[in-house]
Trainee: 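The structure under discussion is supplied below as structure tokens; questions concerning it will follow.
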Amino acid sequence: MDRTPKRPVLTNKELFVQKIARGILAGKWNPGDRLPSERELAAELGIGKTVVHSGFEQLAAMGLVEIKPKSGVFVADYMKTGNIETLNVIVQLNGNELSREVTVAILDLRLAIEGMALRALCHGCRPEDIVHLRALTQEVRDRAPHSGEEELAELFFRWHREICILSGKSILTLFMNTMHDVSIAFWVNYLRMYGPSFAIDRLERFTDLIEARDGEGAYNLLATGIADYLARLENQG
């Protein structure tokens with residue numbers, strides 16, 4: 001018996017919101033741009049104007065658009081005026097669907113979260129924490145030759161989330177979990193760029209720095225890694 005969970009069927013409004021959100025976050029429209037009218041979008045997408053109107057209201061609540069009566073609907077400067085709903089939309093999308101600006105913002109957030117956890121863990125690490133991290137690294141190394149891209153990306157995400165867990169700052173773990181889906185897309189890209197061997201050796205390096213209680217060294221290793229990743233993405237574009 002097939003127990004594979006079925007994907008929920010999206011309503012026209014949900015599909016519309018998803019389409020416009022993707023376009024904005026991918027850079028198709030920039031802050032300040034006027035979006036097509038409700039009539040134009042309804043005709044283009046084959047849906048009712050009421051659906052489009054309601055969808056725009058939801059996008060406004062997400063912080064992605066600004067509705068100006070008698071003027072139209074405009075892309076909001078969501079990096080300044082966004083809210084938790086804006087973040088929810090961003091992290092639900094695939095990393096490849098995000099503009100460079102949003103990608104940088106997401107990775108800046110990761111640096112802030114995991115960087116804080118690395119410093120805290122280096123300050124208070126225990127011998128059993130090092131044993132645990134080395135065991136996790138060995139598991140990644142053993143499974144890498146037999147794992148698909150997303151499965152391997154999941155292993156790297158879990159390794160780095162473990163830093164937050166071991167740091168004792170539980171709220172940081174919640175933030176990492178919130179960013180799971182978009183992080184997996186970034187990890188897939190990272191592994192394609194650098195290869196599993198390089199990435200696994202980097203885990204060993206992090207563990208060495210944590211064992212040496214070198215918080216700044218661990219933070220800088222993460223920061224330079226993110227900067228190099230962004231530079232390679234720029235060159236690919």
Trainee: Do the side-chain N and O atoms of His180 and Arg161 include a donor-acceptor pair separated by under 3.5 angstrom?
Mentor: no
Trainee: Does Arg213 use its side chain to pair, donor to acceptor, with the backbone of Cys125 at less than 3.5 Å?
Mentor: yes
Trainee: Check the pair Gln18, Arg22 against side-chain hydrogen bond (donor to acceptor under 3.5 Å, both in side chains), reporting the backbone distance first and the verdict last.
Mentor: CA-CA 6 Å; Gln18 191 177 83; Arg22 278 197 167 98; 2.9 Å; yes
Trainee: Quick check on the 6.0 Å ring-centre criterion: do Tyr190 and Phe186 meet it?
Mentor: no
Trainee: Taking the inter-plane angle between the rings of Phe56 and Phe16 on a 0 to 90° scale, is it parallel (under 30°), tilted (30 to 60°) or perpendicular (over 60°)?
Mentor: perpendicular
Trainee: Is there a side-chain contact between Arg202 and Leu221 (heavy atoms, below 4.5 Å)?
Mentor: yes
Trainee: Are Leu111 and Val104 connected in a single hydrophobic cluster, I mean Ile/Leu/Val/Met/Phe/Trp/Tyr linked by side-chain heavy atoms less than 4.5 Å apart?
Mentor: yes
Trainee: Given side chains that start at C-beta, do those of Leu133 and Leu166 come closer than 4.5 Å, heavy atoms only?
Mentor: yes
Trainee: If you compare all heavy atoms of Ile200 against all heavy atoms of Ala144, which two are closest, and at what distance to 0.1 Å?
Mentor: CD1-CB, 4.1 Å
Trainee: Side chains of Glu216 and Asn220: is there a donor and an acceptor less than 3.5 Å apart?
Mentor: no
Trainee: Atom CZ in Arg126, atom CG in Leu121: separation rounded to 0.5 Å?
Mentor: 9.0 Å
Trainee: Is there a donor-acceptor contact under 3.5 Å linking the side chains of His146 and Glu151?
Mentor: no
Trainee: Can you tell me how far apart CG (Asn30) and CD1 (Ile24) are? Round to the nearest 0.5 Å.
Mentor: 10.0 Å
Trainee: Rounded to the nearest 0.5 Å, what separation is found between the CG atom of Leu64 and the CG atom of Leu25?
Mentor: 5.5 Å
Trainee: Could you check whether any side-chain N or O of Glu14 sits under 3.5 Å from a backbone N or O of Thr11, counting only pairs where one atom can act as donor and the other as acceptor?
Mentor: yes
Trainee: Under a 4.0 Å threshold between the charged nitrogen and the carboxylate oxygen, would Arg141 count as salt-bridged to Glu204?
Mentor: yes
Trainee: Measuring from Leu59:CG to Ile67:CD1, what's the distance to the nearest 0.5 Å?
Mentor: 8.5 Å
Trainee: Give me the atom names and distance for the closest heavy-atom approach of Arg34 to Ser71.
Mentor: NE-O, 3.0 Å
Trainee: To the nearest 0.5 Å, what is the distance between NZ (Lys169) and CE (Met116)?
Mentor: 7.0 Å
Trainee: Centroid separation under 6.0 Å, is that true for the rings of Phe157 and Trp187?
Mentor: no
Trainee: Would you say Leu230 and Arg100 make side-chain contact, with heavy atoms under 4.5 Å?
Mentor: yes
Trainee: Please determine if Glu57 and Lys13 form a salt bridge, counting it only when a charged side-chain N lies under 4.0 Å from a carboxylate O.
Mentor: no
Trainee: Once you round to the nearest 0.5 Å, how far does OG1 of Thr224 lie from OH of Tyr229?
Mentor: 15.5 Å
Trainee: Is Glu162 salt-bridged to Arg158, going by a charged N under 4.0 Å from an acidic O?
Mentor: no
Trainee: So do the side chains of Asp33 and Phe74 get within less than 4.5 Å of each other, counting heavy atoms only?
Mentor: no
Trainee: For Ile210 and Asp129, what are the C-alpha separation, side-chain angles and deciding distance, and is it a side-chain contact (heavy atoms from CB on, under 4.5 Å)?
Mentor: CA-CA 9 Å; Ile210 294 167; Asp129 295 334; over 6 Å; no
Trainee: Please confirm whether the backbone N or O of Ala120 pairs with a side-chain atom of Ser167, one donor and one acceptor, at under 3.5 Å?
Mentor: no
Trainee: If the threshold is 4.0 Å, N to carboxylate O, is there a salt bridge linking Arg119 and Asp214?
Mentor: no
Trainee: Considering only heavy atoms from C-beta outward, does the side chain of Met176 approach that of Leu172 to under 4.5 Å?
Mentor: no
Trainee: Answer yes when Arg134 and Asp208 have at least one side-chain N-carboxylate O distance shorter than 4.0 Å, and no when they do not.
Mentor: yes
Trainee: Between Arg110 (side chain only) and Gly115 (backbone N and O only), is there a donor and an acceptor less than 3.5 Å apart?
Mentor: no
Trainee: With a 4.0 Å cut-off, would you call Asp228 and Arg232 a salt bridge?
Mentor: yes
